[in-house]
Amino acid sequence: MAASLEELLAHLNPAQREAVTHGDGPLLIVAGAGSGKTRVLTYRIAYLLWRGVPPQCILALTFTNKAADEMRQRIMTLVGAHHAQRLWMGTFHSIFARILRAEATRLGYTADYTIYDTDDSTALLRLILRQMGIGSHVLEPTAVRHAISRAKNQMLSWQELAASATTPRERLLAQLYQEYDHQLRANNAMDFDDLLLNTIRLFQSFPEVLQRYQERFRYIFVDEYQDTNRAQYVALRLLAERYRNLCVVGDDAQSIYRWRGADIRNIVEFQRDYPDATLIRLEQNYRSTKRILALADVLIRHNRYQIPKRLWTDNPEGEPATLLICADERDEATCIAEQIQRECAHGRSYSDIAVLYRTNAQSQALEDACRRAGIPYVLVGGISFYQRKEIKDALAYVRLLVNPADSVSWLRVLNVPPRGIGATTIEHLRTAAQTWGCTLWEAMQRCDDIPALRRSARDTLHHLVALVRRFRDALGSQPLDIVVLEYLEATGLLAHYREQDDDEERYRNLERFVATLAEYTEQSPTPTLQEYLQQIALLSETDQAPAASNAVTLMTLHAAKGLEFPVVFITGLEQGLLPIGRAVNVPEELEEERRLLYVGITRAQQKLYLSYAQSRRRWGEPMPTMPSQFLSELPSEELVVQQSPAALPVRLRIPASGISAPPQAGLRPGVRVRHPVFGIGIVESLSGNGQDCRAVVRFSTAGRKLLLLRYARLEVLE
DNA sequence: GACCTGCTGATTTTT
DNA sequence: TCAGCAGGTC
């Protein structure tokens with residue numbers, strides 16, 4: 001064992017070795033892109049195990065479940081399965097969900113609590129808005145969800161939100177937050193943010209529980225620390241308080257989840273929080289060519305707020321990057337497909353190649369082009385299997401088996417398949433539940449006490465109650481997949497989709513759903529429906545990426561985090577797309593967009609392609625575009641420009657769009673815009689070009705104005 | 001209560 | 001462009 005430890009350390013450079021063999025106490029590892037971060041993490045965990053630290057005392061928090069699985073696999077090859085299996089590894093959400101299962105009753109939930117995903121939260125808010133008589137034109141359910149989630153990520157309660165509210169809108173939001181929380185609790189449900197908040201609440205309210213977990217997690221590791229939010233930060237502080245063995249790994253230059261509440265200050269100010277922390281910088285890049293790294297470095301230097309570091313590599317010089325200038329998104333996709341074929345003709349395989357984009361919507365054209373060219377591809381993310389309508393229906397039924405208090409699920413499937421329970425019946429039920437202060441489920445059981453209900457509705461409700469009860473009882477005695485299959489048949493859901501002749505695919509999906517459940521039942525030593533549901537709820541987009549096959553990978557820049565490919569295409573380098581529209585005039589958001597491009601560039605090992613289209617369809621309508629300002633930040637001599645025959649000839653110097661304000665993407669007559677002084681208005685007409693581009697805008701308060709776009713910082717509201 | 005149709009808003013990224 | 005929703009009709 002000692003020999004292999006020596007051997008292990010021999011594979012590391014001095015900085016890596018220092019990190020791996022660091023003793024106790026807080027440790028900050030600033031790991032540049034491609035600097036062997038995962039290797040350091042896995043080796044350090046293996047090192048601790050070698051030194052005799054029990055595996056169950058080590059907690060490693062990763063950004064995705066897939067990352068956790070991969071790390072566990074790698075540790076397994078170092079220390080064997082027995083030890084590796086007992087490590088606590090997973091995302092913040094899945095680890096905390098597990099803790100909360102064990103402690104739920106202390107917080108007034110049962111261990112069977114349901115996890116609401118984004119769609120469920122939105123559905124609940126839509127309900128609440130309707131209940132409170134607020135139309136969707138006043139407040140969008142998704143906007144409310146965002147606001148509440150932002151508050152929760154900053155650990156603000158509805159009381160605090162209400163106390164600090166100054167506008168009627170803010171007061172209303174606080175009220176909605178209160179009602180939302182109330183109903184979640186009544187439904188025995190938690191949303192994603194609650195998994196973090198409730199864990200903190202648990203630790204703060206029950207010191208003995210906190211102490212137990214502090215003792216258990218003597219060594220804590222956090223990967224991608226730059227993307228943790230306030231709540232995660234607080235939870236970590238609590239857990240690490242006793243032993244202070246907190247090792248965080250990250251790269252501030254790769255922080256790309258600000259919009260989700262990630263706070264880059266967590267990593268930048270780690271040393272202030274832990275003054276005795278050791279800082280180790282991993283600056284040698286093992287991934288990319290010198291040229292790719294230089295390009296990334298030049299770009300990121302335009303950002304102000306960052307930890308100073310210098311990334312270098314011993315790798316070869318490599319080829320310069322290629323910039324593809326294309327006519328429109330279809331042409332862009334075709335050019336990329338051609339380029340892919342050319343790369344493959346020179347000995348690359350499809351799986352060496354990734355095509356990255358800013359928004360999921362961009363995948364459409366790329367998929368079409370791949371299909372036309374006969375290029376095999378895998379799409380990461382997008383609409384996942386578990387978000388399909390028929391699967392969500394089935395999941396709702398299954399969730400009710402575990403937690404019948406879940407009203408959101410009841411309201412989803414009460415009348416699926418149609419069984420004569422319409423809006424009126426549902427309204428009676430909800431009113432009754434409200435009057436009695438009980439759940440929908442309890443109201444259903446007491447439906448005989450609701451005089452307004454018709455006889456047939458009552459019969460149906462009784463039938464449903466009996467059905468759920470019967471299959472709940474069956475759960476313990478038979479294999480899960482068998483029970484669920486019979487249950488879904490008994491609900492009529494399977495027949496419903498089976499008999500829809502026009503849409504056989506939906507029924508097939510349901511079959512697949514039952515098949516995955518069967519697979520889970522076989523593989524898990526102690527299968528429970530509740531654990532299965534939790535796994536699905538906390539599955540990330542990238543977790544669902546199919547295993548490596550010989551295919552090109554298509555995904556968003558966000559999904560590419562942590563991955564690497566010999567050849568990388570980054571598409572849509574256009575003002576308003578990358579950087580995305582609303583970020584253009586917000587310095588912090590612009591910096592995040594720049595980091596996003598940085599992440600993309602640093603995924604490439606050998607060859608990088610960038611591309612933009614001169615026109616792009618938005619809402620099905622072609623719109624002229626401007627090249628991304630980021631292109632003007634890159635040294636033009638490092639880019640080989642390749643114009644598509646279909647593209648309009650351009651001067652090879654890319655206009656520095658930061659200086660001469662171009663017509664903004666999306667700006668056209670009829671569009672709503674916001675002006676910093678005049679407020680919201682509607683564009684009536686556009687005239688002039690380049691520096692002299694003007695717009696006539698009619699503002700609701702300030703009237704009609706002629707604005708020189710160079711000066712007026714108009715924000716397109718769509 | 002079921003079904004049809006026309007309108008609207010979505011395109012930022014996701015645990 | 002299109003899916004999902006609201007509102008209207010049978």
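No experiment lies behind these values; they were computed from the predicted model shown.
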With a 3.5 Å cut-off and just heavy-atom distances, do the side chain of W259(A) and the base of dT13(B) make a donor-acceptor pair?
yes

What I want to check is whether the side chains of Y532(A) and T516(A) have a donor and an acceptor closer together than 3.5 Å.
yes

Polar side-chain contact R358(A)-dT13(B) base: donor and acceptor under 3.5 Å:
yes

Round to the nearest Å and state the distance from L429(A) atom CG to dG1(B) atom P.
11 Å

Atom NZ of K66(A) and atom C1' of dT15(B): how far apart are they, to the nearest Å?
15 Å

What nucleotide among dG9(B), dT12(B), dT15(B) has an atom nearest to a side-chain atom of E593(A)?
dT12(B)

Ignoring hydrogens and angles, are the base of dT12(B) and the side chain of R582(A) linked by a donor-acceptor pair under 3.5 Å?
yes

Within 45° cone and under 6.0 Å: R98(A) NZ/CZ vs W88(A) ring
yes

Rounded distance in Å - CG (L577(A)) to C1' (dT11(B)):
9 Å

Nearest to the side chain of E140(A) - dT15(B), dT12(B), dG9(B)?
dG9(B)

From the list dG1(B), dT15(B), dT13(B), which nucleotide is the closest neighbour of the side chain of T425(A)?
dG1(B)

Answer yes or no: does atom CZ of R230(A) have more than 12 heavy-atom neighbours from other residues, nucleotides or ligands under 6.0 Å?
no

Could you pick out which residue, R454(A) or E589(A), lies toward the 5' side of DNA chain B when each is mapped onto its nearest nucleotide?
R454(A)

Taking the six-membered ring for Trp, are F203(A) and Y213(A) parallel (under 30°), tilted (30 to 60°) or perpendicular (over 60°)?
tilted

Atom-to-atom span, CG of D227(A) to C1' of dT13(B) - whole angstrom:
11 Å

So, is N360(A) near the phosphate of dT13(B), with a side-chain N or O under 4.0 Å from OP1 or OP2?
yes

How many Å lie between CZ on R150(A) and P on dT15(B), as a whole number?
19 Å

Could you state the atom-to-atom distance from CD of Q535(A) to P of dT15(B) in whole Å?
15 Å

For Y305(A) and D252(A), does a side-chain donor sit closer than 3.5 Å to a side-chain acceptor?
no

Could you please name the option among dT15(B), dT12(B), dA6(C) that lies closest to any side-chain atom of H93(A)?
dT15(B)

For G581(A) and for A423(A), locate the closest nucleotide of DNA chain B by heavy-atom distance; then report the residue assigned to the nucleotide nearer the 5' terminus.
A423(A)

Does T118(A) place a side-chain N or O at less than 4.0 Å from the phosphate oxygens OP1/OP2 of dT14(B)?
no

Of the listed nucleotides (dT11(B), dC5(C), dT15(B)), which one gets closest to any side-chain atom of A361(A)?
dT11(B)

Nearest-Å distance for atom pair CZ/C1', residues F192(A) and dT14(B)
8 Å

Roughly, in whole Å, what's the span from CG in L597(A) to C1' in dT13(B)?
14 Å

When all nucleic acid strands are considered with a 4.0 Å heavy-atom cut-off, which category describes N65(A): base, sugar-phosphate, or nothing?
nothing

So does D181(A) pair up with R185(A), basic N to acidic O under 4.0 Å?
no

